[in-house]
Amino acid sequence: MRHGDRRDVVRGGRVVALLAARGARTHRRAWAAVFAALALASLLLGTLGLAAGSAALGHPRVERYAGADAVVAGTQSTRYTAKPWGSETRTVRAGLTERVRVPARALDVVRQVPGVRSAVADVAFPVTVRGSAATGRPWEATGLASAPTRLLEGQPPSGAWEIVVGEGVARVGDRLSIAYGTGSATDTHTYSVTGVSADARRTVHFSRDGAHQLVSRVGELDAIGVLADSGVPDDVLRTRVRHALDAAHLRDVSAAHRADGDPAPLRVLTGDARGEAEFLAAAPARMPLLQVLASLASVVVLVGVLVVTSTVAQALRQRARELALLRAVGATPWQLRRAVGREVGRIAVLAAAVGAVGAVPAYLALRAVLVGRGAVPEGLELPFPPWLAAAPLGTAGLMVLIAWLTALGCCARAARTRPAEALREEEPGRARQLTGCVLLGLGAASAGAGALQHGAAAAAAASASALTMVIGCALLGPWLARGAMRVLGAPMRRLGVGGRLAASACTANAARLGAAVTPVVLVTAFVLVQLAGGATLGHEAAAQARDAARADVTVSGPGVPYDAVERIRRLPGVAAATAVAHGTVVLPGKELGEPSLERLPVLGVTPRSLARTLDPAVREGSTDGLRPGTVAVGTDRARTLGVRPGDHVQLRFGDGSEARLRVVATYERALALGDFLFSYEELTRHMTAPPPVRVLAALAPGASSGSLSTAFPGARVERDPVPERVRAEDQALGDVLTAVAVTAIGGFTVIAVLSTLTLISVGRGPELRQLRLAGADRRRLRRMLLLESAATATAGLSLGTATAALPLLAFALSAAGRLPWLPPGQGALIVAVVVLTTASATLLPARGALRGRYPVAAR
């Protein structure tokens with residue numbers, strides 16, 4: 001490079017730096033909005049990135065087996081393989097939350113493995129002690145914990161009828177009656193207390209023989225704890241035990257009932273994986289948590305990009321004449337682009353850094369809310385190693401890149417235009433108009449497709465439709481705003497001088513107001529889809545639950561024996577009684593051509609006189625035929641599967657067992673009662689342990705519930721009970737993260753509307769001063785501004801509601817069979833936020849022009 005050329009580059013760089021510094025100082029108000037939007041986007045994305053990283057590293061907590069070197073357990077997952085459209089076969093997995101047990105003969109195999117010092121069988125089962133629920137375990141399994149249970153007095157149990165209880169339950173030498181449900185009735189035995197332990201949990205320890213004699217499934221274990229010889233590494237131990245189990249051809253006890261292609265080998269767990277044998281719901285919860293976080297992150301990225309690009313574009317649009325003037329006086333395109341890029345870069349780096357720093361405390365607060373609301377299952381550890389705190393730097397860099405690219409794109413026209421033409425205004429092009437119309441059409445088509453889908457497919461189609469239509473509205477913003485202002489102009493002209501001034505201003509500046517209307521449309525559409533979709537399903541499910549409720553009384557609690565339903569039916573004044581159990585099944589199938597395993601909450605009921613206690617609104621067939629080997633199916637699910645009474649459905653229970661069940665009935669109230677109804681016996685025999693008994697009872701006219709209270713001392717008898725209703729396992733998680741998404745979208749929108757209207761109002765200072773000089777007083781101008789903000793809010797709310805209406809209508813009719821519904825309080829909050837934001841952003845910047853008896857000259 002020649003010396004003169006190098007000097008020109010240096011001089012050009014100085015010019016760029018000067019322009020960037022002067023621009024940042026002069027337009028502080030415009031860049032404040034950009035700073036806020038970028039900081040919020042960086043904060044939210046950094047928070048979600050930390051949450052996703054922590055969930056990816058998550059694992060079940062190791063407690064019961066912390067002292068074991070390895071644990072042998074069953075396969076707590078199920079697999080399904082299918083061939084998508086025009087592709088190779090794919091396999092999907094789903095976690096199982098009911099325990100898959102280990103055959104007892106595996107214990108002898110493990111004990112013979114070289115390097116194994118001892119192998120301890122562990123089983124856990126529910127018992128009732130003095131009317132309170134407790135857990136029974138063999139005493140020798142306490143040695144698998146990191147700190148074995150300490151005896152306060154007495155000695156460990158040795159005989160089959162000896163036990164150790166927790167402190168405060170009984171004293172050494174006492175005799176206790178222990179009740180245990182075996183599956184057909186409740187057995188009660190009397191045991192001698194030989195010791196009192198310091199175990200804070202309600203646990204009753206039995207001898208090995210005593211525990212195994214109470215287990216309902218003889219020859220089956222929950223897990224086997226393995227203690228290794230000194231110096232045997234975990235990986236060596238795992239490999240040796242794994243080879244020994246394979247050589248003995250041992251599989252878990254559900255293997256004979258599994259589907260083809262769903263193997264069930266015994267697992268050998270070491271390290272953090274040992275917790276999977278104790279907290280069964282923890283490992284399956286990780287993937288739904290990651291999926292929900294990914295979905296929320298995609299929404300935040302989309303909304304954040306739209307708002308950041310909108311604020312950056314608006315900030316530069318206000319300076320269009322300034323940039324054109326620089327071009328006209330000789331600034332080169334390179335200098336213009338570099339100056340704008342450097343100016344935006346300074347703001348973006350600082351804002352993104354502020355958001356990244358705030359992401360760590362924001363994530364800790366989010367995790368506390370998730371744990372407090374029960375959205376994180378018991379036992380799931382979400383680690384936060386120090387190196388993970390650097391993750392927000394990546395999302396911060398992404399927001400800086402987005403802001404920089406947006407700035408370059410916004411000044412591209414001024415940079416490439418010839419100086420003589422740089423001062424001319426440019427209207428939005430036909431390509432933008434055509435693209436917006438195409439996106440609206442695609443959104444409508446997606447909504448139509450969603451109306452023909454069911455479940456997750458319908459929800460995905462509704463979200464895609466809303467997203468596409470919002471982007472289409474953003475592209476068509478100037479034209480939509482112009483049309484909306486023409487419609488609103490007629491009624492405004494009837495509101496006096498202020499109304500006529502507002503109507504004229506809105507009509508003349510419709511394209512400018514379109515930039516303010518677009519974020520209102522965005523927040524209204526997104527928030528309505530997020531809130532109304534779940535609210536519609538919840539509202540309809542609650543209504544179905546109320547309609548299905550026929551019972552006058554519920555009887556529940558540890559004092560209720562397993563065979564209580566038969567005893568309650570025989571009590572005087574009882575017209576009908578139904579035992580109810582909640583469970584989960586896994587349904588294999590295809591979603592949009594891809595193989596899927598859908599986890600569904602279901603009910604098990606005793607079918608006798610079911611309609612008198614819990615009416616599912618049978619449409620075809622009869623629930624009287626519910627027994628093992630049969631099932632009743634909700635009408636929507638039956639339509640999706642193409643089945644009717646007499647046909648068969650194939651599904652998997654919570655322990656991985658596959659069953660081909662004959663359909664005996666279809667019913668309407670599936671949102672409240674689940675897509676499948678089983679017999680109580682069918683569902684409970686696939687559960688880890690007999691669930692706490694809950695009986696719904698209908699009383700004869702004039703009868704009281706006093707006989708129920710006296711028949712089962714210690715049981716809870718509740719009049720006018722809460723209607724029975726199933727709930728998805730991740731419902732609490734979805735509720736919390738939906739609130740986060742709505743809050744984030746609301747925050748972005750407030751920033752976008754405030755910044756856009758503030759910049760517009762600041763630019764209108766000379767116009768307002770001229771109106772005052774022409775005779776318009778402050779009251780009329782204030783009325784004009786209020787009407788303009790009302791028109792902006794009305795146009796945005798109306799267009800946003802119309803944008804959300806089509807996908808919401810399709811989803812609500814498909815999933816709930818009713819029109820969309822939103823709680824009035826939430827709707828009022830959306831309107832209030834939009835109205836207050838538009839009013840404050842319009843009036844506050846105009847205070848200078850409205851202050852004083854005479855207009856203040858522009859400085």
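All values below come from the heavy atoms of this structure, side chains included, with hydrogens, waters and symmetry mates left out. Predicted model only: the values in this text are computed from it and were never measured.
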Let me check something: any side-chain donor-acceptor pairs from residues 42-51 under 3.5 Å, sequence neighbours excluded? List them with distances.
unit_1: S42; atom_1: OG; unit_2: A352; atom_2: O; d: 2.9
unit_1: S42; atom_1: OG; unit_2: A356; atom_2: N; d: 3.4
unit_1: T47; atom_1: OG1; unit_2: L43; atom_2: O; d: 2.7

Q: Give a yes or no answer on whether the side chain of R274 reaches the backbone of A66 with a donor-acceptor pair at less than 3.5 Å.
A: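 Judged by distance alone, yes, a pair lies under 3.5 Å.
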Q. Within the distance-only criterion (no hydrogens, no angle test), does the side chain of R286 pair as donor or acceptor with the backbone N or O of A55 below 3.5 angstrom?
A.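 Yes.
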Q: Taking salt bridge (charged side-chain N to carboxylate O under 4.0 Å, His left out) as the test, write out the residues that go with R79, two or more places apart.
A: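 With neighbours one apart ignored, the set is empty.
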**Q.** salt bridge (charged side-chain N to carboxylate O under 4.0 Å, His left out) involving R267 - partner list, sequence neighbours excluded
**A.**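 In terms of salt bridge (charged side-chain N to carboxylate O under 4.0 Å, His left out), with neighbours along the sequence ignored, R267 is linked to E276.
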Q) Without hydrogens or angle criteria, can the side chains of T838 and T792 be said to hold a donor-acceptor pair below 3.5 Å? A)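 No pair is found: no donor N or O on one side chain lies under 3.5 Å from an acceptor on the other.
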(Q) If only side-chain N and O atoms count, and only distance matters, is there a donor-acceptor pair under 3.5 Å linking Y363 with S54? (A)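 Short answer, yes.
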Min side-chain heavy-atom separation [X]-[Y] under 4.5 Å:
X: L797; Y: V831; result: yes
X: L528; Y: T801; result: yes
X: F811; Y: L537; result: yes

**Q.** Pairs satisfying ring-ring contact (aromatic ring centres under 6.0 Å, His included), at least one member in residues 275-307, at least two apart
**A.**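 Those involving residues 275-307 do not exist here.
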(Q) Does L96 form a side-chain contact (heavy atoms from CB on, under 4.5 Å) with T78? I'd like the steps, not just the answer. (A) CA-CA 7 Å; L96 300 173; T78 184; 4.0 Å; yes
(Q) If the condition is side-chain hydrogen bond (donor to acceptor under 3.5 Å, both in side chains), which residues does S840 pass it with, not counting sequence neighbours? (A)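 Once residues adjacent in sequence are excluded, S840 has no partner under the side-chain hydrogen bond (donor to acceptor under 3.5 Å, both in side chains) criterion.
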Side-chain atoms of residues 374-389: list all donor-acceptor pairs with protein atoms under 3.5 Å, sequence neighbours left out, distances to 0.1 Å.
unit_1: E381; atom_1: OE2; unit_2: R61; atom_2: NH1; d: 3.4

(Q) Ignoring hydrogens, what is the shortest heavy-atom contact between V529 and L808? Give both atom names and the distance. (A)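 Minimum heavy-atom contact is CA-CD2, 4.1 Å.
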